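Quick note: numbers below take in every heavy atom, side chains included, and nothing from hydrogens, waters or symmetry partners. Keep in mind it's a predicted model, so treat the numbers as computed, not measured.
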Amino acid sequence: MAELEPAALQNETEAANGTGKLGSSPEGAALAYGSLLAMALLPIFFGALRSVSCARGKNSSDMPETITSRDAARFPIIASCTLFGLYIFFKIFSQEYINLLLSMYFFILGVLALAHTISPAMNRLLPENFPSRQYQLLFTQGSGESKEEILNYEFDTRDLVCLVISGVVGVWYLLKKHWIANNLFGLAFALNGVELLHLNNVSTGCILLGGLFVYDIFWVFGTNVMVTVAKSFEAPIKLVFPQDLLEKGLEANNFAMLGLGDIVIPGIFIALLLRFDISLKKNSHTYFYTSFVAYVFGLALTIFVMHTFKHAQPALLYLVPACIGFPLLVALVKGEVTEMFRYEEQPKDGGNEEEQEKKEN
């Protein structure tokens, strides 16, 4: 879903998933890459933990979206069409107006995502006697027996506090496009993605990661579409960290970048393995920690190869084999391959769609 770029290429192709600009010191580059790696691990680790509670919860607002094998097979095609569609849009229409619409869209999404992210921490920080009133935002269409519910969102006073705080960050991002505000939204998007997007089994995860493995290689090495869209697209769909932070402080502007797709896609597979670990009831998280270490290895290898060959690298080229291969090797050693591929999660609606899919297959 993304790529990393060496410093020597950045002025020519500033991909949204690329990193580096000319003139950065070795210390600054090391700090930037290390910070990106640390920031990538945060939403994967905490998102995976929260996905367990989400899978067990009954709150309709936190209902996970289950990805089936059919969804996984379609996703690279849909992503390719979306990417190429954006490419055409940026070629035909004014980049300024498109990014204005995108900024407003991601402002709303970012405020909601950040509010959801900080909600558990805020509930612990606010005193128990903090006033708590329930609210409901309800939109319906029609009247009488033909009335149809479009939106039904329930929240309380604590949620309003989270929304206000997130709104301040959103206004900051809209006015300044500051890299810290960008990262707050990016981390929130990534954590929510890992928490709320659930793969139904390991086979589906392999299909999804395998399809996006091909997608990433094709659009990075085969065309200039991803680079063009990334250069034009102004939205918090990436994590950034300045390589000249040591020289310029918070006003630094020579950014290393990592696309959110390289976090969320492997992250939802790692979260699935955590839930599989828990299903084994062995009081160990072997597969979760194995895949977590595999992610660190894959991303570090991406950066190493990028600097060795001085050429942009699609991160999923290294992340996918690592995140699938390491846990599978452990399962082979432990003799649990069958258990791994038999593990199944059903959607909260009872799994009718998945059962129907099995019948069709």
Side-chain angles (χ1 to χ4, degrees), residues 34 36-59 62-69 72 117 119-121 123-124 187 190-210 212-213 262-302 315-316 318-348 351 354:
L36 286 179
L37 178 58
M39 285 192 292
L41 296 178
L42 288 174
I44 292 177
F45 185 83
F46 291 105
L49 294 178
R50 288 174 59 157
S51 77
V52 176
S53 302
C54 180
R56 295 172 176 171
K58 298 180 179 180
N59 189 346
D62 294 336
M63 194 76 72
E65 181 71 26
T66 301
I67 301 173
T68 66
S69 58
T117 299
S119 179
N123 287 335
R124 287 191 290 269
L187 288 169
L191 190 146
N192 278 272
V194 175
E195 176 187 359
L196 299 174
L197 292 175
H198 288 198
L199 296 164
N200 66 341
N201 55 48
V202 172
S203 296
T204 298
C206 292
I207 293 171
L208 179 65
L209 267 66
L212 291 175
F213 173 84
D262 293 332
I263 302 172
V264 176
I265 298 302
I268 61 177
F269 187 73
I270 294 170
L272 172 68
L273 293 179
L274 173 60
R275 299 192 296 274
F276 169 64
D277 273 324
I278 294 173
S279 74
L280 294 176
K281 299 179 180 179
K282 294 183 178 180
N283 294 322
S284 74
H285 296 158
T286 304
Y287 294 103
F288 171 65
Y289 290 127
T290 299
S291 57
F292 196 76
V293 170
Y295 181 86
V296 176
F297 171 79
L299 194 56
L301 181 61
T302 306
L316 292 184
Y318 306 95
L319 291 173
V320 169
C323 290
I324 293 178
F326 280 39
L328 186 58
L329 182 61
V330 171
L332 283 170
V333 172
K334 298 181 68 175
E336 294 178 341
V337 174
T338 302
E339 288 86 345
M340 175 183 284
F341 281 89
R342 280 182 178 173
Y343 175 69
E344 185 91 15
E345 290 185 356
Q346 294 293 345
K348 288 292 187 69
E354 183 67 17

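Across all non-hydrogen atoms, the minimal contact from S291 to P327 is CB-CG, 3.8 Å. When every heavy atom of L187 is checked against every heavy atom of P43, the shortest pair comes out as CD2-CD, 3.9 Å. Nearest heavy-atom pair across I263 and A40 is CG2-O, 3.7 Å. Smallest separation of non-hydrogen atoms from I207 and A72: CG2-CB, 3.9 Å. Among all heavy-atom pairs drawn from L316 and P266, the shortest one is CD2-CG, 4.1 Å. Shortest non-hydrogen contact noted between D262 and L319 is O-CD1, 3.6 Å.
For residues 41-52, every residue pair satisfying the salt bridge (charged side-chain N to carboxylate O under 4.0 Å, His left out) rule, not counting sequence neighbours, is listed here: R50-E195. Note on residues 284-296: no pairs pass salt bridge (charged side-chain N to carboxylate O under 4.0 Å, His left out), not counting sequence neighbours.
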Just list the side-chain donor-acceptor pairs under 3.5 Å for residues 267-282, sequence neighbours left out, or say none.
unit_1	atom_1	unit_2	atom_2	d
R275	NE	E345	OE1	3.2
R275	NE	E345	OE2	2.5
R275	NH1	S51	OG	3.0
R275	NH2	E345	OE1	3.3
D277	OD1	Y287	N	3.2
D277	OD2	Y287	N	3.1
D277	OD2	F288	N	2.7
S279	OG	F276	O	2.6
K282	NZ	E336	OE2	2.3

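The side chain to side chain donor-acceptor pair (under 3.5 Å) test applied to T286 returns S284, not counting sequence neighbours. Not counting sequence neighbours, the partners of V296 by the side-chain contact (heavy atoms from CB on, under 4.5 Å) test are L37, L41. Partners of F326 by ring pair (Phe, Tyr, Trp, His ring centres under 6.0 Å), not counting sequence neighbours, listed by chain and number: F297.
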May I have the step-by-step check of side chain to side chain contact (heavy atoms under 4.5 Å, CB included) for L212 and V320, ending in yes or no? CA-CA 9 Å; L212 291 175; V320 169; 5.9 Å; no

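Between the CG atom in L197 and the CD1 atom in I265 there is a gap of 8.0 Å [rounded to 0.5 Å].
More than 12 heavy atoms of other residues, nucleotides or ligands shown are found within 6.0 angstrom of CD on E339.
Between N201 and E344, some side-chain heavy-atom pair lies under the 4.5 Å cut-off. Proximity of L328 to F341: side-chain heavy atoms (C-beta onward) are separated by under 4.5 Å at one or more points.
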